[in-house]
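So that the names make sense, note that chain A is the first sequence line, chain B the second, and so on, each numbered from 1. These numbers were taken from a predicted model, which means no experiment stands behind them. Side-chain atoms are counted along with the backbone in the values below, which use heavy atoms only and exclude waters and symmetry mates.
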2 protein chains.
Amino acid sequence: MHESLRLDNQLCFALYAASRAMTQVYQPLLEPLGLTYPQYLVLLVLWEEDALLVKEIGARLDLDSGTLTPLLKRMEAQSLVVRKRQENDQRQVRIHLSPSGRALEGKAIEVPHALACRYGNVPSAYVEATRLRDALIGLRKHLRNGATEPPR
Amino acid sequence: MHESLRLDNQLCFALYAASRAMTQVYQPLLEPLGLTYPQYLVLLVLWEEDALLVKEIGARLDLDSGTLTPLLKRMEAQSLVVRKRQENDQRQVRIHLSPSGRALEGKAIEVPHALACRYGNVPSAYVEATRLRDALIGLRKHLRNGATEPPR
DNA sequence: GGCAAATATATTGTGCACAATCTATTTGCT
DNA sequence: AGCAAATAGATTGTGCACAATATATTTGCC
């Protein structure tokens, strides 16, 4: 078999597996809050800036309306957000945090904290995680840009 | 808002977004082969070692029967694999490559090649991708091990 | 003003992921 | 042998992702 087809050589599989492993670590921390990981992401965005359009949330998370519309409807059914059509442009839907959606931020603070503990919470681990995060952000940007020239 | 809740600080989101971006780069390369990315992963495993049990494929890809059973059934419907119950242990199902599943390896060689071109195909990019891959493999191992002690 | 093109969201359909449960079979113990 | 526990895979149900398409509204141009 050709070397380039070996599973353990593949960056994509490493990404895929690590991403799923990471989400599985989040899951028991989010379950008490009644959130899935993508719902948590939407709240992270709204806690940074409330009352965004669906499109703006989509731009930050790289998700389209096919994913967001039903997800936001479920969150509205849970009274975490309120969806409001814009007055001046009826095409747009603005997503507002509800009081309970806003209140959840307090509990959510514990999530990264619990993860830090779980991850070791030592400076070397923190530095390494930061470096890894930045490499991933760079990779994603590279892939999104059509990736015609090498990174860095 | 607490700094630790900022989206762009989160390793998990970087992983999630990069993984999806990477899969989207594979998609147009796999579509001519009639494969989804998880189906391609199963074939990668079988090209390395044919006639594995469902359980063994699951161990390599970190997937359970809830995901693999329907996926393998779809692949069998496409005549890429054959599912055979074991004679000596009727609980087990062994997955064999069909001739066309085996033949697909030839075309699949071009997938990593096309990616390498797209990624830049320069030594620095290769080294960096290798380093990133290894960091991700380490992270995944760490997360799966319960992650009570720091990595490295 | 009228209409084509653009825009924002919604809908439909397919295919994962994954928790929870179920079924069938095998193993191990006495 | 007989039976509880373990094992392998299948099933069910929920929730993403995402392509493709549809709907409704707005914009820009004549």
Side chain to side chain contact (heavy atoms under 4.5 Å, CB included) assessment of B/His96 paired with B/Lys84: CA-CA 8 Å; B/His96 302 261; B/Lys84 279 189 193 142; 4.0 Å; yes

A/Met75 vs A/Ile95 side-chain heavy atoms within contact, under 4.5 Å: no

Strand contacts (DNA chain C) in residues 45-57 of chain A, 4.0 angstrom heavy-atom criterion: A/Leu53, A/Val54, A/Lys55

B/Gln92 CD - D/dG9 P separation (whole Å): 6 Å

Would you be so kind as to tabulate the donor-acceptor pairs closer than 3.5 Å made by side chains of residues 30-43 of chain A, with sequence neighbours excluded?
residue, atom, partner, partner atom, Å
A/Thr36, OG1, A/Gln39, N, 3.3
A/Tyr37, OH, B/Phe13, N, 3.2
A/Gln39, OE1, A/Thr36, N, 3.3

Atom-pair distance (CG on B/Leu68; C1' on D/dG9), nearest Å: 10 Å

Counterpart residues, salt bridge (Lys or Arg N to Asp or Glu O under 4.0 Å), relative to B/Glu105 (two or more places apart): none

Donor-acceptor side-chain pairing of B/Arg94 and B/Gln86 below 3.5 angstrom: yes

Length of the CZ-C1' vector between B/Arg85 and C/dT23, whole Å: 10 Å

Qualifying residues under side chain to side chain contact (heavy atoms under 4.5 Å, CB included), relative to B/Ala103, sequence neighbours excluded: none

Salt bridge (Lys or Arg N to Asp or Glu O under 4.0 Å) against A/Arg6, all qualifying residues, sequence neighbours excluded: A/Asp8, B/Glu48

Set of side chain to side chain contact (heavy atoms under 4.5 Å, CB included) partners for B/Glu110, sequence neighbours left out: none

Residue pairs passing the salt bridge (Lys or Arg N to Asp or Glu O under 4.0 Å) test where at least one lies in residues 65-82 of chain B, sequence neighbours excluded: B/Glu76-B/Arg83

Terminal helix-axis angle for the helix from C/dG1-D/dC30 to C/dT30-D/dA1, with five pairs defining each axis and rounding to 10 degrees: 10°

Value rounded to 0.5 Å, distance of CZ in B/Arg60 from CD1 in B/Ile57: 8.5 Å

Side-chain donor/acceptor contact of B/Ser65 with base of D/dA8 under 3.5 Å: no

Atom pair distance, as rounded to whole Å: CD1 in A/Ile95 and C1' in C/dA8: 12 Å

Touch class at under 4.0 angstrom, heavy-atom based, for B/Arg94 against every strand present: nothing

OP1 or OP2 of C/dA8 under 4.0 Å from side-chain N/O of A/Arg83: no

Letter per nucleotide, 5' to 3', of nucleotides 13-18 of chain C [B base touched, S only sugar-phosphate touched, - untouched; heavy atoms, 4.0 Å]: --SSBB

Residues which pass side chain to side chain donor-acceptor pair (under 3.5 Å) with B/Ser4, listed by chain and number, not counting sequence neighbours: B/His2

Partner set under salt bridge (Lys or Arg N to Asp or Glu O under 4.0 Å) for B/Asp64, not counting sequence neighbours: none

For the student: nearest non-hydrogen atoms of A/Leu72 and A/Val81, plus distance: O-CG2, 4.0 Å

Under 4.0 angstrom between A/Lys73 side-chain N/O and C/dT11 OP1 or OP2: yes

Annotated protein contacts, base or backbone, on nucleotides 24-29 of chain C with a non-hydrogen cut-off under 4.0 Å, one of B, S, - each: BBS---

